[in-house]
Amino acid sequence: MYAARSAAWARSAELAAGEGPRAVRLIDAADQARLAGLPHRARELLASAGCEGPHGAVRGAAQLVSGQLALQDGPVADAREVLLLAAESLASTDPHRALAARLAAVEASWAMGDAAACVEALDETLARPGGVAARPGHIPARPENTPAPPEPDRRLAAYRAGMSAVLHGRPDAGRRPLREVVSGAGEAGVLDGPEALLRAGGAALVVGDLTAACRANSRALAAARARGPYILVARALERLAYGELRAGRHARARAHAEDGLRTALGAGQRNLAAHHHAILALVASVEGCHEGVAEHADAAERVAAPHGLAQAATLSQWARARADLARGRLPEAAARLGPLVGAGPRRGHFAVRMLAVPCFVEAAFRTGQAEAARSAVAEFARWAGQGADPQAPAQLARCRALLSDPEECEALFAAALDRHDEVAGDFERGRTQLLYGSWLRRRRRPGEARGRLRDALVSFERGGALGWATQARAELRATGDGGPGEPAGQLTLLTPQQLRIARCVAEGATNREVALRLSVSPRTVDHHLRNVFATLGVRSRVELSRLVDRAEKTAAHP
């Protein structure tokens with residue numbers, strides 16, 4: 001649909017009388033090509049428009065499309081400046097498009113990790129309230145021939161006011177309008193476009209309602225696929241994958257991120273592709289696939305560094321650090337996480353800092369950096385009190401347990417587990433059980449430690465956190481219990497993911513069945529299975545089944 005509209009506007013430009021009307025139609029053709037996921041065609045049409053003339057409206061419209069293209073694939077700081085120029089050029093003649101430019105500048109500022117720049121752009125939208133965002137992603141071609149759009153709808157105004165309050169450090173003031181945005185997205189009889197639904201999903205994340213965030217982003221995805229524009233499909237998938245990741249549903253997050261990565265690359269949205277790579281790196285850090293962490297983090301950082309994508313860069317570094325934690329590489333994890341959780345320039349993204357604090361506290365405390373850990377916990381406690389993350393209260397109790405005296409430690413671990421019972425998420429509960437069990441073992445209470453560590457192992461295996469399951473098994477061995485499912489013989493040479501696949505194949509599952517069972521792609525199964533064959537020196541599935549059977553019997557009856 002959008003590609004056809006672009007072609008129609010381009011043909012109309014050929015018939016236009018005068019350079020002004022021709023430029024306007026070419027700019028609209030470029031915008032439609034952008035929405036269709038054809039960035040190269042959009043840039044060609046913009047170049048043909050010749051928009052450097054004296055007319056501010058025409059120049060501003062071209063700058064708006066150019067800035068939106070740069071936001072998809074280019075340095076986001078440059079995109080922000082172009083978008084702000086567009087807003088200034090359009091302010092007096094077309095406040096409707098000027099608002100769209102400022103909202104896009106907010107998005108660019110967020111990707112940069114510049115909270116002050118977000119505040120500046122948001123406050124400007126509040127100071128100049130004339131107009132609402134157009135139909136999903138689109139700006140009308142010739143506003144001078146149409147009446148001015150109405151005053152902003154209350155949910156868009158609430159979103160802008162709420163986000164501004166939060167970024168100004170007044171989360172309590174921002175929570176009420178943001179909840180209005182979230183609840184409005186589910187109003188009966190309201191057919192929201194994907195952009196409005198994405199705003200609702202973002203608002204839900206800020207107020208800590210992960211269920212509402214995933215619901216709104218799922219609806220945004222359905223709306224973008226049904227009605228367009230195509231470029232919002234990858235963005236909706238990224239928001240949905242991130243929401244599922246925050247909710248601890250890692251297999252779902254991976255499925256959405258893999259789909260989003262393909263979609264973003266197909267539409268020339270390399271900046272969004274970097275975000276999908278970062279999410280996949282975080283999922284791999286849970287699943288114990290260290291090769292996957294490195295592969296996706298490298299891919300994210302190759303784009304994030306030159307394009308200034310602070311959020312993608314922060315997420316990928318957090319993934320690397322979490323993989324280090326899973327492997328017991330505590331100094332490396334602490335060194336990676338220290339810069340991410342600190343405030344100020346050249347630090348982590350402001351919206352990710354607090355999420356990484358529990359990992360930093362664990363790594364810092366266990367490497368003798370107790371004061372740095374306590375400082376981070378103090379700030380984390382204030383943030384957790386804002387209700388921005390349902391997992392935060394349990395994580396806070398866990399962090400305090402690590403830093404407390406022995407007399408208080410056990411009560412804090414118990415409090416953390418009580419908090420975990422109030423929210424979903426096997427992975428975080430498993431991490432608390434693992435640390436609690438380790439503490440009990442060091443206190444020479446092996447019987448109690450085994451119960452906690454077995455619970456941790458079950459949580460990790462149920463959530464697919466195979467690398468962390470390996471840690472739980474090692475702790476169980478230290479208590480004198482080898483734990484269930486411990487690999488033996490040549491199977492100890494396999495990574496956790498390879499072992500899981502090998503066991504499925506030994507049970508007679510096809511590659512496609514293994515993929516469905518483990519929530520991975522068939523291509524991933526093929527890749528790991530080839531490595532399993534090479535590592536174990538087998539040449540067929542039959543040989544692999546026999547080897548696994550012998551090893552399992554040996555483990556059961558040593």
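Residues take their numbers from the sequence shown, with the count starting at 1.
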On the 0 to 90° scale, with breaks at 30° and 60°, tag the H349-W110 ring pair as parallel, tilted or perpendicular.
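H349 and W110: tilted rings.
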Go through the steps to decide whether L38 and S6 satisfy the test side-chain contact (heavy atoms from CB on, under 4.5 Å), and finish with yes or no.
CA-CA 10 Å; L38 303 170; S6 177; over 6 Å; no
Pairwise side-chain contact, [X] with [Y], heavy-atom cut-off 4.5 Å (strictly under):
X	Y	result
I27	V58	yes
V293	L282	no
Q269	I231	yes
P95	L90	no
R80	E120	yes
R160	L103	yes
R353	E379	yes
V352	L340	no

For the residue pair Q68 / R34, report whether a side-chain donor-acceptor contact shorter than 3.5 Å exists.
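Yes, because at least one side-chain N or O of R34 sits under 3.5 Å from a partner of the opposite role on Q68.
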Please tell me whether W9 and Q32 have a donor and an acceptor in their side chains that are separated by less than 3.5 angstrom.
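On atom types as modelled, these side chains do not qualify, holding no pair under 3.5 Å.
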Under the salt bridge (Lys or Arg N to Asp or Glu O under 4.0 Å) test, residues paired with [X] that sit two or more places apart:
X	answer
E291	none
R320	D298, E301
E295	none

Okay, side chain of [X], backbone of [Y]: is any donor-acceptor separation there less than 3.5 Å?
X	Y	result
H250	G248	yes
Q391	A424	yes
S12	A8	no
N271	L309	no
S316	A313	yes
T314	A310	yes
S164	A161	no
S285	A323	no

Spacing of [atom1] belonging to [X] relative to [atom2] belonging to [Y], to within rounding of 0.5 Å:
X	Y	atom1	atom2	answer
D94	L64	CG	CG	9.5 Å
E238	N217	CD	CG	9.0 Å
L198	L240	CG	CG	10.0 Å
L280	H296	CG	NE2	4.5 Å
R302	R270	CZ	CZ	10.5 Å
H256	H276	NE2	NE2	11.0 Å

Locate the shortest heavy-atom distance separating [X] from [Y]; write the atom from each residue and the value.
X	Y	value
L84	A105	CD2-CB, 3.8 Å
S89	G60	CB-CA, 3.6 Å
G37	Y230	CA-CD2, 4.1 Å
L45	A33	CD1-CB, 4.3 Å
A213	G201	CB-O, 3.7 Å
L232	P194	CD1-CG, 3.7 Å

For side-chain contact (heavy atoms from CB on, under 4.5 Å), just list the numbers for R249 and C214, CA-CA rounded to whole Å, side-chain angles, deciding distance to a tenth of an Å, and then say yes or no.
CA-CA 11 Å; R249 295 186 286 266; C214 291; 3.6 Å; yes
Partners meeting ring-ring contact (aromatic ring centres under 6.0 Å, His included) with W318 (sequence neighbours left out):
none
For V82, the side chain to side chain contact (heavy atoms under 4.5 Å, CB included) test, sequence neighbours excluded, returns Q63, S66
Please step through side-chain contact (heavy atoms from CB on, under 4.5 Å) for the pair Y242 and H275, ending with a clear verdict.
CA-CA 9 Å; Y242 186 65; H275 280 267; over 6 Å; no
Do the side chains of D31 and R25 get close enough for a salt bridge, i.e. N-O under 4.0 angstrom?
no
Row check, Y2 ring normal vs R5 NZ/CZ: under 6.0 Å, within 45°
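Yes, R5 sits over the ring of Y2.
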Distance-only check: which donor-acceptor pairs under 3.5 Å involve side-chain atoms of residues 170-178, not counting sequence neighbours?
unit_1	atom_1	unit_2	atom_2	d
D172	OD1	R175	NH1	2.9
R175	NH2	Q386	O	2.3

Single hit among D73, D78, V76 for side chain to side chain contact (heavy atoms under 4.5 Å, CB included) with H307
D73
Let's go through R246 and L355 carefully: what are the C-alpha distance in whole Å and the side-chain angles of both, what is the deciding distance for side-chain contact (heavy atoms from CB on, under 4.5 Å) to 0.1 Å, and is it a yes or a no?
CA-CA 9 Å; R246 290 276 304 275; L355 300 177; 3.7 Å; yes
Checking salt bridge (Lys or Arg N to Asp or Glu O under 4.0 Å) for the pair R22/E14: CA distance, chi angles, key distance, verdict?
CA-CA 7 Å; R22 175 181 176 276; E14 296 173 0; over 6 Å; no
Would you check, one step at a time, whether the test salt bridge (Lys or Arg N to Asp or Glu O under 4.0 Å) holds for R235 with E107?
CA-CA 12 Å; R235 190 196 303 180; E107 186 179 343; 3.8 Å; yes
